[in-house]
Peer 1: 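This is the structure I want to talk about, given as structure tokens.
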Amino acid sequence: MYVCICNAVTEKMIRQAAAEGVRSLSELTRRTGCSGDCGSCADVAEEVLRDAHRRTRAAFSLPLVAQAA
């Protein structure tokens with residue numbers, strides 16, 4: 001799905017940027033141009049970025065195993 005029509009930035013591109021370490025909308029804008037023109041996509045772009053980071057954290061949160069005495 002296109003999130004930023006002005007700069008042809010897709011949801012997949014935002015998730016990839018998050019995987020590469022992008023943490024904020026301003027960083028995302030610098031990297032992809034997303035929300036750099038009209039800005040109407042800013043809220044959706046931030047939500048996709050937050051969701052990507054939530055999913056990454058959830059995938060790596062493993063339960064602790066009790067140590068043997």
Side-chain angles (χ1 to χ4, degrees):
M1 163 181 90
Y2 281 94
V3 173
C4 177
I5 304 229
C6 297
N7 293 299
V9 179
T10 64
E11 180 179 348
K12 183 177 179 181
M13 292 167 71
I14 295 171
R15 291 184 184 283
Q16 180 63 41
E20 293 170 0
V22 171
R23 305 289 301 170
S24 67
L25 181 62
S26 61
E27 223 179 326
L28 182 67
T29 301
R30 285 192 302 275
R31 173 136 346 151
T32 66
C34 186
S35 187
D37 289 332
C38 77
S40 65
C41 62
D43 291 341
V44 173
E46 280 184 312
E47 181 55 36
V48 171
L49 194 58
R50 279 193 301 269
D51 182 62
H53 287 293
R54 272 193 302 268
R55 288 175 186 240
T56 300
R57 279 192 307 271
F60 289 107
S61 63
L62 301 174
L64 297 176
V65 177
Q67 290 183 327

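Model, not experiment: these values are computed from the prediction. Every heavy atom of this structure was used, including side-chain atoms; hydrogens, water molecules and symmetry mates were not.
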Peer 1: Can you check whether C34's main-chain N or O pairs, donor with acceptor, with T29's side chain at less than 3.5 Å?
Peer 2: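 Checked: pair present.
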Peer 1: Give every residue pair that meets the side-chain hydrogen bond (donor to acceptor under 3.5 Å, both in side chains) criterion with at least one member in residues 14-25, sequence neighbours excluded.
Peer 2: E11-R15, R15-D51, Q16-E20, E20-R31, R23-H53, S24-S26
Peer 1: Do V22 and L28 touch side chain to side chain, with heavy atoms closer than 4.5 Å?
Peer 2: yes
Peer 1: Compare all side-chain heavy atoms of T32 with those of N7 and state whether any distance is below 4.5 angstrom.
Peer 2: no
Peer 1: Calculate, to the nearest 0.5 Å, the distance between atoms CD1 and CD belonging to I14 and E47 respectively.
Peer 2: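 So the gap between those two atoms works out to 11.0 Å.
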Peer 1: Heavy atoms only: give me the nearest C4-S35 pair and the separation to one decimal.
Peer 2: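 That would be SG-N, 3.7 Å.
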Peer 1: Specify the closest pair of heavy atoms between A45 and L25, including all atoms of both residues, with the distance to one decimal.
Peer 2: CB-CD1, 4.0 Å
Peer 1: Please round to the nearest 0.5 Å and tell me the distance separating atom NZ of K12 and atom OH of Y2.
Peer 2: 11.5 Å
